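The structure under discussion appears below in the form of structure tokens.
It should be emphasised that the depicted structure is a prediction, and the values quoted were computed from it without experimental measurement. The sequence lines fix the lettering, A, B, ..., with proteins before strands; numbering per chain opens at 1.
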Amino acid sequence: MAVEAARVALKGTEAVPASVFLATADPAYQDKTNATAITAALGLGEDVLSADLTGAVRSGAAAFHAGLRGDGATLVLLSDIRTGLPGSVEERDGGDSAAAFVLGSEEAGPLVAEYLGGASTSGEFLDRWRRPGDSRSQVWEERFGEGQYLPLAKRALQRGLESAGLTVDELDRVIVTGLHARSVKSFARAAKLGGDRLVDDLATTVGNSGTAHPGLMLASALDAAEPGEVIAVIVLADGVDALFFRTTAHLGQARSSRPVADQVAEGRTDLAYSRFLTWRGQLQLEPPRRPNPERPAAPPSSQRAAWKFAFAGSRCACGHAHLPPQRVCVKCGAVDRMTQERFADRRATVATYTIDPTYTIDHLAFSMSPPNVAAVIDFDGGGRYASELTDCDPDEVAVGSRVEMTFRRLYTSGDVHNYFWKARPVTGNTVAGEESA
Amino acid sequence: MSSHGIKDKVAIVGMGCTPFGELWDKSAGDLLVDATQEAFTTSGIDKDAIDAYWLGVAGSGSSGLVLSTALKTEFRPVTRLENMCATGSEAFRNACYAVASGAYDVVMATGVEKLKDSGVSGLAKANPPHDGTLSQVTAPARFSLLAPAYSEKYGVPRAELKDVMTRIAWKNHYNGARNSRAAYRTEVSMDTIKAAPQVAGDLGVFDCSGVSDGAAAAIIVRAEDAYKYTDKPLFVKALSFVAGAGKGSLDPGYDYTTFEECVRSVSDAYAQAGVTDPRADLAMAEVHDCFTPTELILMEDLGFSERGQGWKDVMNGVFDLDGELPVNPDGGLKSFGHPIGASGLRMLFECWLQLRGEAPQERQITTSGKRYGMTQNLGGYPGECVSFVAIVGPELG
């Protein structure tokens with residue numbers, strides 16, 4: 001999700017990030033930095049600081065602070081998957097999302113919104129906690145948390161407004177968010193932030209996506225905002241962060257190509273609860289009667305990082321494109337006359353496809369989302385690749401369908417997550433490339 | 001490129017082939033003993049007369065020790081090799097070359113595979129350490145791409161093509177029902193085949209070959225020595241093997257209606273043997289029917305049918321047991337399953353029986369004076385495969 005959001009964010013700016021910060025309460029790895037895979041998938045090269053802010057829900061707001069204080073352009077990624085046991089309030093109210101922002105001074109590129117100032121408060125109290133690896137968060141009785149949050153929020157807002165030189169009345173759009181829903185509501189009311197200017201919290205569509213939620217709501221606000229508006233972002237998480245931005249005249253030319261509202265509208269409601277539980281690891285399906293996928297090995301993954309992560313193939317001097325990259329041209333036979341070429345942001349057309357063995361028969365293919373659709377796809381400008389299709393209705397795939405690439409976790413084996421690219425049908429709002437002639 | 005072939009330089013003088021199937025009570029070594037013993041006893045050639053061995057085995061063992069320790073061959077060279085689904089055929093090809101070169105007088109090609117012991121469906125392949133980007137697409141899915149491509153290119157409606165695929169499966173099971181060595185020995189009605197659960201794309205269960213255990217062996221000598229061992233040797237007319245460059249996987253020009261590797265290897269084999277009209281020269285062919293669309297495409301790639309006409313020839317019974325050119329008279333991979341190391345030699349065993357007039361009456365073909373038999377394997381996927389073709393005949397010339 002973070003890679004997907006980042007691709008949209010980077011599409012709208014000329015800025016080249018010098019740092020990539022990933023904030024999530026649900027990291028794929030501990031010890032190992034998770035942001036490096038994202039940096040690699042984005043093809044940003046080695047001269048980048050890639051770092052994680054993980055564990056706490058407040059990491060999202062913290063990544064913003066880090067980006068606002070950093071040198072050069074910083075890609076700030078907020079991403080979270082909210083888990084909870086079946087039947088829990090957490091499961092019902094939680095959501096998954098990722099948001100990406102490129103932060104920096106005007107030197108890095110024209111600003112969409114200017115940071116006006118802000119303030120933070122912190123408090124040590126036991127409101128919400130989770131041991132690493134648990135799928136269930138625990139919370140204290142909510143009236144206790146409310147008593148802790150309200151004074152912290154009041155101070156943060158007051159100090160933040162002073163820092164930004166603003167009054168409450170000057171705020172055009174107000175984001176108040178946090179996993180402590182009761183405090184979020186009562187603070188907005190108490191501080192007179194309510195009414196039309198309160199940004200929709202997406203609770204009924206996406207659900208609360210924790211670490212990522214301030215980012216998701218800010219992205220949603222920026223989708224709708226006009227130039228010159230003041231946007232407040234107030235995040236309640238073990239303290240309170242209050243940040244204030246003013247949109248610039250450049251906003252109109254740098255809107256997200258995938259507005260939040262459009263993505264919500266594209267959402268499907270036909271996901272079976274049993275499949276949801278499988279994805280969440282709460283329900284174990286009978287595995288295929290096939291060997292388990294092998295875990296990716298470190299040296300080949302590193303050796304072929306440009307292919308595996310950035311989806312870079314090679315193009316021969318004669319013009320023929322190769323995926324995966326080759327040293328010897330299949331067309332002209334020339335050796336080592338290849339240049340690396342990234343295909344991740346290019347669209348392709350389905351040349352032929354098939355529905356792979358399904359769970360109804362013989363459990364042949366490993367898949368978290370059967371049936372598998374395998375397609376041979378031909379990229380615009382050359383290059384053929386046999387790819388798994390995802391996010392697709394098997395009945396709607398056809399020869400000639402247009403697809404784009406998306407970075408996914410294929411499977412996890414031997415505690416190693418296998419990230420690679422899959423193709424998915426192009427929908428109205430796309431991540432990759434432009435429709436070519 | 002030159003490919004001179006070794007036409008009429010070497011001959012097969014003895015063969016053995018185990019029953020194929022779910023052989024829970026036999027090890028790979030046991031199966032090798034069974035297959036080689038049959039070759040020894042039916043030919044009257046003693047184990048001590050064998051100068052060197054070749055062993056095709058893909059996943060049921062490694063090194064020549066698999067054979068030497070089972071057979072207790074005394075300090076003879078045993079060359080183990082693997083070349084995907086053509087593994088057994090490759091053991092045969094390389095053994096033939098060793099005799100043709102003059103290095104040895106009498107050699108044996110063997111092949112074995114125990115697929116059932118793994119407990120998984122389909123073929124299980126151990127990959128070297130990799131980067132996790134290997135395709136997860138299964139073999140049935142890969143080969144299922146042939147059907148819609150053929151349908152599109154030649155304007156055969158998908159439903160009609162399914163009838164063609166069904167007839168291929170029906171024919172091979174019909175033949176296999178007349179073969180005591182086959183793993184599946186019952187006829188299957190076309191209705192049953194068509195109604196079978198879907199596996200991948202248009203492929204149903206009966207469009208896929210099975211999984212089984214088995215072994216086979218062949219004894220090879222110089223052609224001039226052949227009649228010392230048997231009145232009815234089989235002379236090797238052609239051996240061809242090609243490995244593709246993976247063009248189909250990398251080239252948008254590939255349309256999934258042909259295996260270029262097979263076209264190349266068969267044209268090499270025809271040149272070696274002097275075959276100009278396959279239907280006139282071949283009494284039979286054992287081809288790689290891993291999936292029913294594969295056999296259809298092969299009818300055209302091997303020159304048995306004109307392009308776009310193979311489906312009609314299938315429906316007209318050209319390749320039936322009593323047809324103009326019987327294909328897979330022993331029942332094919334459909335009836336035998338596909339123990340990889342053994343399959344190529346199992347195909348050769350059917351040529352051994354048929355061309356010497358020793359097949360059981362209920363499936364003995366009429367050669368009508370045609371001189372040759374063919375075996376053909378492919379390993380890999382459409383667009384990226386290896387292909388083997390052998391042509392053999394009971395007479396010199």
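For chain B, the nearby part of A:Y353 is the backbone; its heavy atoms alone come within less than 4.5 Å. Contact annotation for A:V376: only side-chain heavy atoms (C-beta onward) come within less than 4.5 Å of a heavy atom of chain B. B:T133 touches chain A through backbone and side chain together, each having a heavy atom under 4.5 Å away. Of the atoms belonging to A:A305, not a single heavy atom falls under 4.5 Å from chain B. Within the 4.5 angstrom heavy-atom criterion, no atom of A:W421 approaches chain B.
Taking all atoms of both residues into account, the shortest heavy-atom contact from A:A386 to B:R142 is CB-NH1, 4.2 Å.
Here CG of B:D202 is found 7.5 Å from OG1 of A:T354. Values are rounded to the nearest 0.5 Å. Distance check: B:S249 OG to A:Q326 CD gives 9.0 Å after rounding to the nearest 0.5 Å.
Put simply, the residue from A:K308, A:E294, A:R295 that forms a side-chain hydrogen bond (donor to acceptor under 3.5 Å, both in side chains) with B:H130 is A:E294.
Using a 4.5 Å heavy-atom threshold, the side chains of B:D131 and A:R304 count as touching.
Interface check for chain A: of the options B:G246, B:A245, B:G201, the most heavy-atom pairs under 4.5 Å are formed by B:G201.
Around CG of A:D31, the count of heavy atoms belonging to other residues, nucleotides or ligands within 6.0 Å does not exceed 12. In the displayed structure, B:N127 atom CG is contacted under 6.0 Å by more than 12 heavy atoms of other residues, nucleotides or ligands. Counting non-hydrogen atoms of other residues, nucleotides and ligands closer than 6.0 Å to CZ of A:R342 gives a total above 12.
A:H320 contributes no side-chain N or O that, together with a main-chain N or O of B:D251, makes up a donor-acceptor pair within less than 3.5 Å. Using a distance-only test at 3.5 Å, with no hydrogens or angles considered, a donor-acceptor pair links the side chain of A:R384 to the main chain of B:Y254.
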